[in-house]
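One structure is given here, and the rest of the page talks about it.
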There are 2 protein chains.
Amino acid sequence: MTEEEFLATYDPRAYPPVAVTVDVVAFTIRDGRLHLLLVRRAAPPHAGHWALPGGFVHPDEDLPTGAGRELAEETGVQAGALGRVHLEQLGTYGAPGRDPRMRVVSVAYLAFAPDLPDPAAGSDADEAAWVAVDSLGLPDAATLTGRPVQQRPGTTRKLAFDHTRIVADGLDRARSKLEYTPLATRFVGPEFTIAELRAVYETVWGDTLHAGNFHRKVLSVPGFLDSVGATTDRGGARGGPRARLYRAGDARLLHPALLRPSREEAVR
Amino acid sequence: MTEEEFLATYDPRAYPPVAVTVDVVAFTIRDGRLHLLLVRRAAPPHAGHWALPGGFVHPDEDLPTGAGRELAEETGVQAGALGRVHLEQLGTYGAPGRDPRMRVVSVAYLAFAPDLPDPAAGSDADEAAWVAVDSLGLPDAATLTGRPVQQRPGTTRKLAFDHTRIVADGLDRARSKLEYTPLATRFVGPEFTIAELRAVYETVWGDTLHAGNFHRKVLSVPGFLDSVGATTDRGGARGGPRARLYRAGDARLLHPALLRPSREEAVR
DNA sequence: AAAATAGTGTCTCTAAGACATTATCAT
DNA sequence: ATGATAATGTCTTAGAGACACTATTTT
């Protein structure tokens with residue numbers, strides 16, 4: 001093996017070409033539903049199918065930089081203005097044959113953003129849109145816990161390549177990270193109410209939470225929320241007192257964590 | 001961007017070549033200390049330095065398959081006999097310039113194994129060895145919690161490329177996964193005592209645990225341990241009754257989790 | 001007035017951690 | 001006998017969850 005490796009060290013072009021791409025699983029919340037940024041492929045393979053935004057890594061470009069660039073290209077947000085967008089590496093997918101053209105190793109990134117604008121028209125020849133995740137037919141929390149699945153309206157789309165798996169992995173990661181990191185604050189504006197934060201958890205987890213217990217719980221986690229000292233201008237749309245406003249604190253981990261309800265079933 | 005992407009789609013060789021390698025962070029426990037499989041590089045760059053075992057991905061080879069192959073090549077264990085070895089993807093490292101020769105994107109895998117034999121002599125021209133992790137000068141749990149660091153004997157080695165960072169990330173992952181998965185059982189034999197399991201936690205976390213509370217705790221986690229019904233042949237080397245033997249249960253997640261002591265300091 | 005919501009109080013139960021205790025084994 | 005260890009018991013405290021309740025606001 002050493003000789004082979006030795007040769008490869010000095011002439012890697014002797015190997016069949018491998019392409020490295022960056023794909024982005026970008027989540028946001030719109031109208032109380034979790035949405036995912038997708039682009040419709042114009043060219044084969046999988047022409048006409050929806051796929052994750054992504055593309056080849058540029059020379060001299062770091063992987064997270066490439067992910068931010070791909071995200072910026074599709075959303076129209078300036079790459080430098082992605083300040084409130086959280087970006088983290090999700091995983092790398094490189095099974096032979098996952099792209100019929102050649103060996104493609106794809107590094108997937110996960111992005112969380114507050115409600116971003118619709119993809120800028122004409123920014124790309126491919127159509128791009130925020131698509132409700134629950135229209136993709138992925139197994140959700142309700143499926144896992146045996147409760148009846150309520151398929152939400154919207155066309156069920158089959159994603160190109162292995163992107164359905166990548167999205168499923170990203171969804172798992174997102175659900176898990178809400179438990180022990182302040183990630184949920186990335187889905188809301190810089191100042192938010194506890195009810196808005198709770199809506200994030202309920203949307204991503206696909207479960208309803210007890211408002212009173214949630215309220216006390218998040219306030220008890222050190223460094224999670226900082227009180228702004230002000231309240232909303234009005235009460236809720238259907239009544240209720242004005243809610244206090246909070247900002248994200250400096251905690252990077254939540255301790256104690258906010259555990260999802262009833263995870264025993266998913267343990268085995 | 002579309003044209004560029006379009007062209008690239010059909011002629012990826014137009015891009016500067018990118019190499020994809022697989023590196024393995026393989027941990028095992030020897031003599032109560034956490035060890036890491038390293039190889040000494042024979043050729044430049046970083047000749048003479050220790051590095052993670054790894055190499056270029058073979059054509060038509062899946063990424064985890066490649067990781068298992070690299071591990072098998074260095075440990076002498078047959079690739080098919082890696083049954084008790086846990087393998088999972090750690091992350092992908094692709095910063096430009098991390099390899100001075102060319103653009104190299106490296107997919108790192110994390111492996112956990114019970115005590116494996118010394119690397120088979122002559123299996124590779126490079127020297128390979130199990131190296132104590134605490135001789136690498138990485139920040140350990142004691143460092144993070146402000147307690148005095150006791151550097152254990154052994155030469156402090158500077159690893160090649162960005163492998164020190166990769167190992168640090170792997171160590172973080174391992175410490176974290178002990179909390180909420182039955183991963184610790186991968187470091188011991190098929191049948192083990194609770195004291196042996198506790199030694200794994202203490203070794204990886206770099207902290208001492210209360211024997212009695214640990215005992216009751218692991219037995220209270222559903223599906224973590226299955227009793228064999230037998231005990232060890234002898235008591236401990238320094239006395240004590242014979243310990244009951246257990247096997248790993250069918251739980252894939254520990255609920256409730258075994259949290260590390262005093263993590264508040266690392267939260268911010 | 002009626003309904004909805006923010007925020008707090010109370011109670012129960014689980015679990016973590018500190019510590020003690022008993023039984024068993026090696027030297 | 002002595003010391004070490006396995007395994008269990010006890011007590012205190014923190015936290016999760018269910019539920020009730022008050023105050024505030026909108027329609």
Side-chain angles (χ1 to χ4, degrees), chain A residues 32 145 178-180 188 191-199 201-202 205 207-222 224-225 227-246 253-264 267, chain B residues 32 145 178-180 188 191-199 201-202 205 207-225 227-246 251 253-264 267:
Chain A
T145 52
L178 285 196
E179 291 190 317
Y180 60 93
V188 294
E191 296 189 352
F192 51 87
T193 67
I194 291 183
E196 289 169 352
L197 191 67
R198 177 164 49 86
Y201 278 91
E202 292 180 334
W205 284 349
D207 212 338
T208 58
L209 302 176
H210 188 283
N213 288 339
F214 181 87
H215 191 102
R216 185 165 8 90
K217 199 161 161 180
V218 294
L219 288 182
S220 77
V221 178
F224 190 11
L225 300 186
S227 177
V228 171
T231 67
T232 52
D233 288 339
R234 291 176 39 87
R238 284 171 296 187
R242 302 177 183 182
R244 278 181 272 220
L245 290 170
Y246 295 87
L253 291 175
L254 303 186
H255 188 79
L258 282 80
L259 298 182
R260 274 171 281 186
S262 69
R263 295 187 46 199
E264 284 81 13
V267 163
Chain B
T145 52
L178 284 196
E179 291 191 317
Y180 59 93
V188 293
E191 296 189 351
F192 51 88
T193 68
I194 291 183
E196 289 169 352
L197 191 67
R198 176 164 49 84
Y201 278 91
E202 292 181 335
W205 284 350
D207 211 338
T208 58
L209 303 176
H210 187 284
N213 289 338
F214 181 87
H215 192 102
R216 185 167 9 88
K217 199 161 161 180
V218 294
L219 287 183
S220 77
V221 178
F224 190 9
L225 300 187
S227 177
V228 171
T231 67
T232 52
D233 288 340
R234 291 177 39 90
R238 284 171 294 187
R242 303 176 182 182
R244 278 184 275 227
L245 290 171
Y246 295 89
L253 292 175
L254 304 186
H255 188 79
L258 282 80
L259 298 182
R260 273 170 281 186
S262 68
R263 294 186 48 197
E264 285 80 12
V267 162

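Chain A is the first sequence line, chain B the second, and so forth, proteins listed ahead of strands; every chain is numbered from 1. Atom set for the values below is all heavy atoms of this structure, side chains included, hydrogens, waters and symmetry mates excluded.
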>> Can you tell me which nucleotide in C:dA6, C:dT8, D:dA7 comes closest to the side chain of A:Ala195?
In response: C:dA6
> Does A:Arg234 make a side-chain N or O approach to OP1 or OP2 of D:dT27 shorter than 4.0 Å?
Replying inline: yes
> How long is the line joining OH of A:Tyr180 and P of D:dG15, in whole Å?
Replying inline: 20 Å
>> Tell me if a side-chain donor or acceptor on B:Tyr201 pairs with a main-chain N or O of B:Leu178 at a distance below 3.5 Å.
In response: yes
> What heavy-atom pair brings B:Ser227 and B:Tyr246 nearest, and what distance separates the two atoms?
Replying inline: CA-CD2, 3.6 Å
>> Minimum heavy-atom separation for B:Val228 and B:Glu191, please, with both atom names.
In response: CG1-OE2, 3.7 Å
>> Using side chain to side chain contact (heavy atoms under 4.5 Å, CB included), reason through A:Glu179 and A:Leu258 one step at a time and then give a plain yes or no.
In response: CA-CA 5 Å; A:Glu179 291 190 317; A:Leu258 282 80; 5.5 Å; no
>> By nearest atom, which of the nucleotides C:dG7, D:dT24, D:dT8 is closest to the A:Arg244 side chain?
In response: C:dG7
> OP1, OP2 of C:dA6 versus side-chain N and O of A:Arg198: anything below 4.0 Å?
Replying inline: yes
>> Please list, in numerical order, the residues of residues 211-218 of chain B that have a heavy atom closer than 4.0 Å to any atom of DNA chain C.
In response: B:Asn213, B:Arg216, B:Lys217
> Taking CZ from B:Phe192 and P from D:dA6, how many angstroms apart are they, rounded to a whole number?
Replying inline: 14 Å
>> Judged by each residue's nearest nucleotide on DNA chain C, which is more toward the 5′ side, A:Gly240 or A:Leu219?
In response: A:Gly240
> Counting only side-chain N and O atoms of A:Arg238, is one of them less than 4.0 Å from OP1 or OP2 of C:dA3?
Replying inline: no
>> Under 4.0 Å, heavy atoms only, any strand: does B:Gly235 hit a base, just the sugar-phosphate, or nothing?
In response: sugar-phosphate
> Toward the 5' end of DNA chain D, which comes first, B:Arg242 or A:His210, by nearest nucleotide?
Replying inline: B:Arg242
Between side-chain atoms of residues 210-219 of chain A and protein atoms elsewhere (two or more places apart, or another chain), which donor-acceptor pairs fall under 3.5 Å?
unit_1	atom_1	unit_2	atom_2	d
A:His210	ND1	A:Gly212	N	3.2
A:His210	ND1	A:Asn213	N	3.1
A:Asn213	OD1	A:Arg216	NH2	2.9

>> Given 3.5 Å as the limit, does a donor-acceptor pair link the side chain of A:Thr193 with the main chain of A:Glu196, or not?
In response: yes
